[in-house]
Amino acid sequence: MAATFQKLCEQFTVFHERMLSIAKDDAVFGRLMTVPGVGPVVAPVFAITIDFPSRFRSSKAAGPFPGLTPHLHQSGEDSRVSLSFSAATL
């Protein structure tokens, strides 16, 4: 079991280094990674999922599409932004 765990850790390290090099070499991924909380895995997934930004009516609709819903901090309360999508968006 320890050998299996060791092998998984090694494979994860290789995968992580590969994702870092891919993300650092791409200008779009690099810009996305300047956003707090967006790293070398989230940036490519977000960019590939969004694909054509013109599909969305507004920039606020692009974030929740792949499941990234921002928190609103108003009057000491937290709430999540939820937007509905049209069939054309999906």
Side-chain angles (χ1 to χ4, degrees):
M1 203 164 178
T4 303
F5 180 73
Q6 178 69 25
K7 187 68 175 171
L8 284 173
C9 288
E10 291 170 5
Q11 290 176 349
F12 174 79
T13 302
V14 169
F15 173 74
H16 184 69
E17 289 172 359
R18 190 177 302 163
M19 288 298 296
L20 279 173
S21 70
I22 290 170
K24 287 181 181 179
D25 291 342
D26 190 280
V28 173
F29 301 160
R31 281 194 305 269
L32 286 170
M33 288 191 303
T34 62
V35 175
V38 176
V41 175
V42 173
V45 169
F46 184 78
I48 291 167
T49 302
I50 297 301
D51 198 25
F52 295 106
S54 60
R55 296 186 300 157
F56 300 96
R57 293 180 189 155
S58 70
S59 61
K60 289 183 180 183
F65 181 73
L68 301 173
T69 55
H71 285 280
L72 289 178
H73 301 286
Q74 299 175 351
S75 303
E77 295 181 16
D78 286 345
S79 62
R80 291 200 179 264
V81 175
S82 61
L83 296 171
S84 60
F85 300 102
S86 65
T89 304
L90 302 174

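Every heavy atom of this structure was used, including side-chain atoms; hydrogens, water molecules and symmetry mates were not.
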## Note on the structure
Residue set satisfying ring-ring contact (aromatic ring centres under 6.0 Å, His included) with F12, at least two apart, ordered chain then number -> H16
Anything under 3.5 Å between a donor and an acceptor, one on a side chain of residues 25-52, the other on a protein residue two or more places apart or in another chain? List them.
| unit_1 | atom_1 | unit_2 | atom_2 | d |
| --- | --- | --- | --- | --- |
| D26 | OD1 | V28 | N | 2.9 |
| D26 | OD1 | F29 | N | 3.1 |
| T34 | OG1 | R31 | O | 2.5 |
| T49 | OG1 | V45 | O | 2.6 |

### Message
Just to verify, what does Q11 make a side-chain hydrogen bond (donor to acceptor under 3.5 Å, both in side chains) with, not counting sequence neighbours?
### Response
none
### Query
Got a sec, which residues hit side-chain contact (heavy atoms from CB on, under 4.5 Å) with E10, two or more places apart in sequence or on another chain?
Q6, K7
